[in-house]
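These notes concern the structure reproduced below.
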Amino acid sequence: MQRAVWWQLALLGASFFEGLWARRIHFYTFSDTIPHPGLCALAEASLELGRPLRVIGLSKRPGYILIHSHSPTLKFLMLQEVLEYELSQRRIAEDDLVIFSDGHDVLLQSPMADILRAYLRFPDSPYLISGERNCWPWPHTDPSHGAWDLNDEVVHANMTWTVNRWMRFTPHDFCRMIRADGPYPFPNIGLSMGPVARVIEVLKRNNKIVLEEDVNDQGAMWLVILRHSLELNIQIDQHAEVFLNMLEYKAGELEREPCVRDWFHGRVPPRNMLTNTTPGLLHFNGPSHEDDVWPSCYHVFNRQFRKVGVKHGFYDVDHNILVSTDGLCDYSWYKIHNFHAHPLTAEHLQFLEGFYQLPVDPGLLAWRGAENAVDAVRWGREADLHAQSPHLHKAIQKR
């Protein structure tokens, strides 16, 4: 019965989004997991701060995807497909702005109007990608490249990539090629923003590299930047004006420490003391969501934005329905203390049993066609991702 209530609200509430699709900003994220407390917190905040969250990927199952010898996620492959499809349906326009974020380790803290103002300070509507302190996924050759390095192996050690017909790069070249203009110089694909048409062009190039040049989606974005940054006006948010990646955060760099109870002093999040900016989205990238900081931030954001009985939810693009967060995101019975540990109730399991039987939007399937990279993937185990890593082998042996 509980499943039917969540579902009925989803189907009846779809019209809630109709009047918002023509707005200037559309906020997309990728998730292959439902529910997840991070996705819930993002969806609740998104509605409270000005835009509904549009989730892609929920027709897929959780897991790792193996293409060639690496492990990109489906997020950019599916985002390109969905943007092209929704553009064809006139749900979005070429000059509308798109924000895209990872679905589980990103928290929204500022109104969309503030994010728009910060973005518009960049000239000529760029494809803006978040910046971080750690160079990834390439080997480091200098301490300025960050503390998190590939200590046990060099990614594609014997490979080179062409930037133009005169220049070829080895893995050791990438980190030193970025010109640091701020404290967050290295690109991170977990957060980005730009006009629909420009985002699609970036995604086309990124996905082509993933599928043809044997590099993951993060590494592919480096090649897109090096090859096409002038053509596509790609900029890195090196001063955290819109986005802040939290890996290698140091105490005192924010006006208040993440995430104390008065993080939202009134409704105003703390400023970045390094750049004198207030980024609207926080990304707890890589190891930064493995300690107790992310859970503390989840609880602060959940208290700030969660509401029940006011039609909070998110739009499930894959199934073309609105999903209510009222019951789905109720963790009052369990204290979230870990990014990975979030058990399910019997009501959740009942909901999921029916949810995974829902058909994918027929229009989206028709747009995808019979042969599409979104479906042409091999599912793999965690052990397959870095099969030669002694660290992974040790971890597996301990299980």
Side-chain angles (χ1 to χ4, degrees), residues 6 10 13 16-17 20 23 25-58 60 62 73-75 78-79 82 97-116 130 188-193 242-246 258-259 263-264 267 269 278-286 288-289 293-308 310-318 321-331 336 338-340 342 348:
W6 297 349
F16 175 79
F17 288 95
L20 296 174
R23 298 287 181 88
I25 300 179
H26 310 280
F27 187 13
Y28 289 84
T29 192
F30 173 87
S31 176
D32 57 10
T33 302
I34 180 174
H36 189 287
L39 178 65
C40 290
L42 189 63
E44 303 263 13
S46 183
L47 272 174
E48 286 293 299
L49 294 173
R51 288 296 185 277
L53 185 65
R54 302 169 70 77
V55 183
I56 62 175
L58 290 177
K60 300 297 181 180
T73 67
L74 274 176
K75 61 186 178 184
M78 292 196 76
L79 182 61
V82 164
L97 290 173
V98 167
I99 298 173
F100 182 75
S101 79
D102 283 354
H104 301 160
D105 57 2
V106 168
L107 295 172
L108 173 67
Q109 64 176 5
S110 298
M112 286 292 174
D114 292 351
I115 292 174
L116 177 60
S130 68
N188 183 295
I189 65 172
L191 288 164
S192 57
M193 182 175 182
V242 179
F243 312 121
L244 177 61
N245 286 292
M246 295 297 290
C259 276
W263 178 263
F264 293 96
R267 289 188 67 89
T278 305
L281 290 129
L282 307 179
H283 181 204
F284 292 80
N285 54 311
S288 68
H289 62 233
V293 176
W294 181 88
S296 72
C297 289
Y298 162 78
H299 289 292
V300 167
F301 279 68
N302 190 56
R303 284 193 297 269
Q304 183 75 12
F305 298 117
R306 176 158 169 79
K307 290 182 173 59
V308 176
V310 294
K311 294 187 177 180
H312 269 201
F314 57 84
Y315 180 66
D316 172 2
V317 177
D318 294 23
I321 60 171
L322 175 66
V323 179
S324 168
T325 54
D326 284 7
L328 188 69
C329 296
D330 179 12
Y331 289 100
I336 299 296
N338 183 287
F339 179 78
H340 303 284
H342 35 91
H348 284 125

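You'll find the side chain of Lys75 reaches within 4.5 Å of the side chain of Ile189, heavy atoms only. Using a 4.5 Å heavy-atom threshold, the side chains of Phe27 and Leu108 count as touching. For the pair Thr278/Asp114, no side-chain contact is recorded, criterion being any heavy-atom separation below 4.5 Å from C-beta on. At least one side-chain heavy atom of Ile336 sits less than 4.5 Å from a side-chain heavy atom of Trp294. With contacts defined as side-chain heavy-atom distances shorter than 4.5 Å, the pair Val323/Ile321 qualifies. Two residues are said to be in side-chain contact when any heavy atoms from C-beta on lie closer than 4.5 Å; Asp316 and Val55 fail this criterion. Annotation: side chain of Leu49 is in contact with side chain of Pro111 (closest heavy-atom distance under 4.5 Å).
The line from CG of Asp102 to OG of Ser130 is 8.5 Å long, rounded to the nearest 0.5 Å. If you take CG on Leu42 and OG on Ser31, they are separated by 10.0 Å, rounding to the nearest 0.5 Å. Here the straight-line distance linking atom NE2 of His36 with atom OH of Tyr298 works out to 10.0 Å at 0.5 Å rounding. Here the CG-CZ distance, from Asn245 to Phe243, works out to 9.5 Å after rounding to the nearest 0.5 Å. Atom NE2 of His312 is separated from atom CG of Leu47 by 5.0 Å, given to the nearest 0.5 angstrom. Atom SG of Cys329 and atom CD1 of Ile34 lie 8.0 Å apart (nearest 0.5 Å).
For the pairing with Leu39, the side-chain contact (heavy atoms from CB on, under 4.5 Å) check across Leu328, Val106, Thr33, Leu53 returns one residue only, Leu53.
Between the side chain of Asp105 and the backbone N or O of His283, no donor-acceptor pair lies under 3.5 Å. Asp318 places a side-chain N or O within 3.5 Å of a backbone atom of Leu58 that can act as its donor or acceptor partner. A donor-acceptor pair under 3.5 Å is formed between the side chain of Ser46 and the backbone N or O of Arg51. With hydrogens and angles ignored, the 3.5 Å screen pairs a side-chain donor or acceptor of His289 with a backbone N or O of Phe284. Looking at Ser101, its side chain never comes within 3.5 Å of a backbone N or O of Thr29 through a donor-acceptor pair.
Looking at every heavy atom in both residues, Ile115 comes nearest to Leu281 through CD1-CD1, 4.0 Å. The minimum heavy-atom distance between Ser110 and Pro269, with the atom names listed, is OG-CG, 3.8 Å. Residues Gly327 and His348 come closest through the heavy atom pair O-NE2, 3.7 Å. Across all non-hydrogen atoms, the minimal contact from Pro37 to His342 is CD-CG, 3.5 Å.
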* Working for side chain to side chain contact (heavy atoms under 4.5 Å, CB included), residues Phe30 and His104 -> CA-CA 8 Å; Phe30 173 87; His104 301 160; over 6 Å; no

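Every residue meeting the ring pair (Phe, Tyr, Trp, His ring centres under 6.0 Å) condition with Phe100, not counting sequence neighbours, appears here in chain and number order: Phe76.
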Output a table of donor-acceptor pairs, distance under 3.5 Å, between side-chain atoms of residues 300-308 and any protein atom two or more places apart or on a different chain; print 'none' if there are none.
unit_1	atom_1	unit_2	atom_2	d
Arg306	NH1	Glu44	OE2	2.6
Arg306	NH1	Thr325	O	3.0
Arg306	NH2	Asp326	O	2.6
Lys307	NZ	Glu48	OE1	3.0

